[in-house]
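The basis for the numbers below is simple: all heavy atoms, side chains too, and nothing from hydrogens, waters or symmetry mates. Every chain is numbered from 1 and lettered A, B, ... according to where its sequence line falls, protein lines coming before strand lines. Since the structure is predicted, the reported quantities are computational estimates derived from the model, not experimental observations.
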Protein chains: 2
Amino acid sequence: MGVALWRQIADEIRRGIVSGLADADGRLPPESRLAERFGVNRHTVRAAIAALAHEGVLQTAQGRGTYVRQRKRFVYPIGRRTRFSAGLHDQAGATSSTMLETATETARPAVAAALGLLPGASVIRIESLGTADGVPVSRATSWFDGARFSGIADLFARTGSITAALAGCGVTDYRRASTGIEARHADEADTRELHLSAGAIVIVTQALNVDLSERPIQFSTTRFSADRVELIVSSTGLHDAEPQG
Amino acid sequence: MGVALWRQIADEIRRGIVSGLADADGRLPPESRLAERFGVNRHTVRAAIAALAHEGVLQTAQGRGTYVRQRKRFVYPIGRRTRFSAGLHDQAGATSSTMLETATETARPAVAAALGLLPGASVIRIESLGTADGVPVSRATSWFDGARFSGIADLFARTGSITAALAGCGVTDYRRASTGIEARHADEADTRELHLSAGAIVIVTQALNVDLSERPIQFSTTRFSADRVELIVSSTGLHDAEPQG
DNA sequence: GAGGATTTGTGCGTATGTATG
DNA sequence: GCATACATACGCACAAATCCT
């Protein structure tokens, strides 16, 4: 048959998972044992395991073993009033949003354009980590107009809420104007901050929030672990938009 | 040094790409030559290339070589009036939607629930492929109420348009009620139908369309090539939804 | 189109490094 | 310290797809 041996082994392992190949903790037999069992070289088993880890079915840990990954995804709603904690509130016992880092810098062209600022304007960048039930689910980089929101980093650090921080700056309400969505493999930083394993996928959103007078106030890029989060767009109550094309 | 050799090689290749390692067509030197050049085994080069292919930087083709992947993504709008061809119309010279397969079957519970049918109801399943400028960008599986839309497969096959096919069944207009979005690695079928290479990512949407009286008419799962497509949600004109949590 | 050369894909054997318990 | 188990690396050989003559 024309199909590679390691793919066949991967299928066998995949099927084995649902029929007791792993122990009670979800741990697979060691590679060496699997190699014996299937009558192939350990490298071949490793190729199969790498592919399954790749798919998110398995997870390997040096020195500890290979485990079946258990999945349960949070559903993150995207709409006019997208807010991190509120969105996950009914799915998680506890959510948190922590500031990792902040800096004042000159806006990159894309950031300046999104925020409606002049090229080279000063912006505040905030890096934050979102968790639900203690599990990191998203990592965001947000930019704010430095002139208008000078104290926002402190406020966010104290409150753990963008909404509260904006309120402290006089923004009583805001809405999500647009959300771009793409997916890619996690890079080294994603892997570290979100505790992902090799081959993991992140869903990357680029969001623009505007205040009640439609002025841009926040531009952000958020990386969600695709294993832990699913996005949902509810169009309930959407007006007709202009024809798309 | 604590960092694996293949990672170092990957970085060297990555840097090399922007400084003329690849030829005019974006083709890299063969693995054997890279191995010599870096003074490592070909397996080590392969591990590096696999990682970069994984990230979407490179693309390998058996017998042809390894190429730097060029990317230009279509932006697929998701909103109240999401339609395949209209969404890509201003970005592509030509778009098409082709029926690959259709069948009448009893609804799975999830499908029946989404369409508001009784468990075990008869539904029509249509598999289709969406292309833009000749490139496959999405593969969809759609379900329709078999009793209400008995002739829809023929209509879609003839017109290449879900909107036209629905119109032929008396649905003058419809809107997108909700869209779930997740991302995963392409499986074997995705790889084949969308011409993806190993390690590719697909963005998977689960969409529900309803008619003007809010009755569900179409439930579909669409796999987009994450390399070729980016989704965008424009909240322009969104009403307030109920508080999210 | 036939056939050889090129290039990536698969598989095995072996050895050693590194993290865990 | 010691055993276990995954991670990395080399060398060899052949298969499969593509390209070129």
Side-chain angles (χ1 to χ4, degrees), chain A residues 1-13 21-54 57-69 188 191-192 195-200, chain B residues 1-13 17 21-54 57-69 186 188 191-192 195-200:
Chain A
M1 67 187 85
V3 55
L5 226 196
W6 65 265
R7 289 185 196 276
Q8 300 175 42
I9 303 298
D11 281 344
E12 290 210 56
I13 293 175
L21 181 62
D23 68 14
D25 296 333
R27 185 185 192 180
L28 287 187
E31 295 170 349
S32 50
R33 191 130 44 204
L34 291 173
E36 280 176 36
R37 173 162 171 171
F38 296 128
V40 299
N41 191 274
R42 189 176 142 241
H43 281 311
T44 307
V45 169
R46 278 182 63 75
I49 288 176
L52 293 171
H54 205 89
V57 175
L58 297 180
Q59 181 158 11
T60 63
Q62 187 173 164
R64 289 201 301 125
T66 302
Y67 294 80
V68 178
R69 194 180 286 183
E188 202 269 328
T191 304
R192 186 165 17 90
H195 300 348
L196 303 177
S197 54
Chain B
M1 64 192 88
V3 54
L5 228 196
W6 66 264
R7 289 185 197 276
Q8 300 176 42
I9 303 296
D11 281 344
E12 289 210 56
I13 294 175
I17 287 170
L21 181 62
D23 67 15
D25 296 332
R27 186 187 191 178
L28 287 187
E31 295 169 351
S32 49
R33 191 130 44 204
L34 291 173
E36 281 177 37
R37 175 163 171 172
F38 296 127
V40 300
N41 191 274
R42 186 165 77 101
H43 281 310
T44 307
V45 170
R46 280 180 62 74
I49 288 176
L52 294 171
H54 204 90
V57 175
L58 297 180
Q59 181 159 11
T60 63
Q62 185 173 153
R64 288 202 304 126
T66 302
Y67 294 80
V68 179
R69 194 179 288 182
E188 201 269 329
T191 303
R192 186 164 18 91
H195 299 347
L196 302 177
S197 54

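Here the NE2 atom belonging to B:His43 is positioned 14.0 Å from the CG atom belonging to B:Leu5, to the nearest 0.5 angstrom.
Atom C1' of nucleotide D:dC10 and atom CZ of B:Arg42 are separated by 13 Å, given to the nearest angstrom. For the pair A:Leu58 CG and D:dA5 C1', the computed distance is 15 Å after rounding to whole Å. In this entry the distance linking OH of A:Tyr67 with C1' of C:dG21 reads 10 Å, nearest Å. Look at CG on A:Leu28: it is 12 Å from P on D:dA5, rounded to the nearest Å. Between the CD atom of B:Gln62 and the C1' atom of D:dT18 there is a distance of 9 Å, rounded to whole Å. Distance CZ (A:Arg64) to C1' (C:dT20): 8 Å, rounded to an integer number of Å. Rounded to an integer number of Å, the gap from CD of B:Glu31 to P of C:dG9 is 6 Å.
Residue B:Thr66 places at least one side-chain N or O under 4.0 Å from the OP1 or OP2 atom of C:dT8. Contact between the side-chain N/O atoms of B:Arg46 and the OP1/OP2 oxygens of C:dG9 is found at a separation under 4.0 Å. For B:Asn41 and D:dA9, the shortest distance from a side-chain N or O to OP1 or OP2 is not below 4.0 Å. At the phosphate of D:dT8, neither OP1 nor OP2 sits under 4.0 Å from any side-chain N or O atom of B:Thr44.
Partners of B:Ala22 under the side chain to side chain contact (heavy atoms under 4.5 Å, CB included) rule, at least two apart in sequence or in another chain, are B:Leu28, B:Val68. B:Asp11 meets the salt bridge (Lys or Arg N to Asp or Glu O under 4.0 Å) test with B:Arg14; sequence neighbours excluded. Listed by chain and residue number, nothing satisfies the side chain to side chain donor-acceptor pair (under 3.5 Å) test with A:Arg37 (two or more places apart in sequence, or in another chain). Scored by the side chain to side chain donor-acceptor pair (under 3.5 Å) test, A:Glu31 finds A:Arg42, A:Arg46 as partners (sequence neighbours excluded).
Here the shortest heavy-atom pairing between A:Leu34 and A:Pro29 reads CD1-O, 3.6 Å.
Within residues 32-39 of chain A, no residue is approached by DNA chain D to less than 4.0 Å at the level of any non-hydrogen atom.
Between A:Leu58 and A:Ile13, the closest side-chain pair of non-hydrogen atoms falls below 4.5 Å. Counting heavy atoms from C-beta outward, B:Val40 and B:Trp6 have side chains that stay 4.5 Å or more apart.
Checking side-chain atoms of A:Asp25 against main-chain N and O of A:Arg27 turns up no donor-acceptor pair under 3.5 Å.
Here D:dA9 is the nucleotide among D:dA9, D:dC6, C:dT8 with the atom lying nearest to any side-chain atom of B:Leu5.
When each of A:His43 and A:Ala61 is assigned the nucleotide of DNA chain D bearing its nearest heavy atom, the one mapping closer to the 5' terminus is A:Ala61.
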- Heavy atoms under 4.0 Å is the rule here; annotate nucleotides 1-6 of chain C 5' to 3' with B where the base is hit, S where only the sugar-phosphate is, and - elsewhere. ------

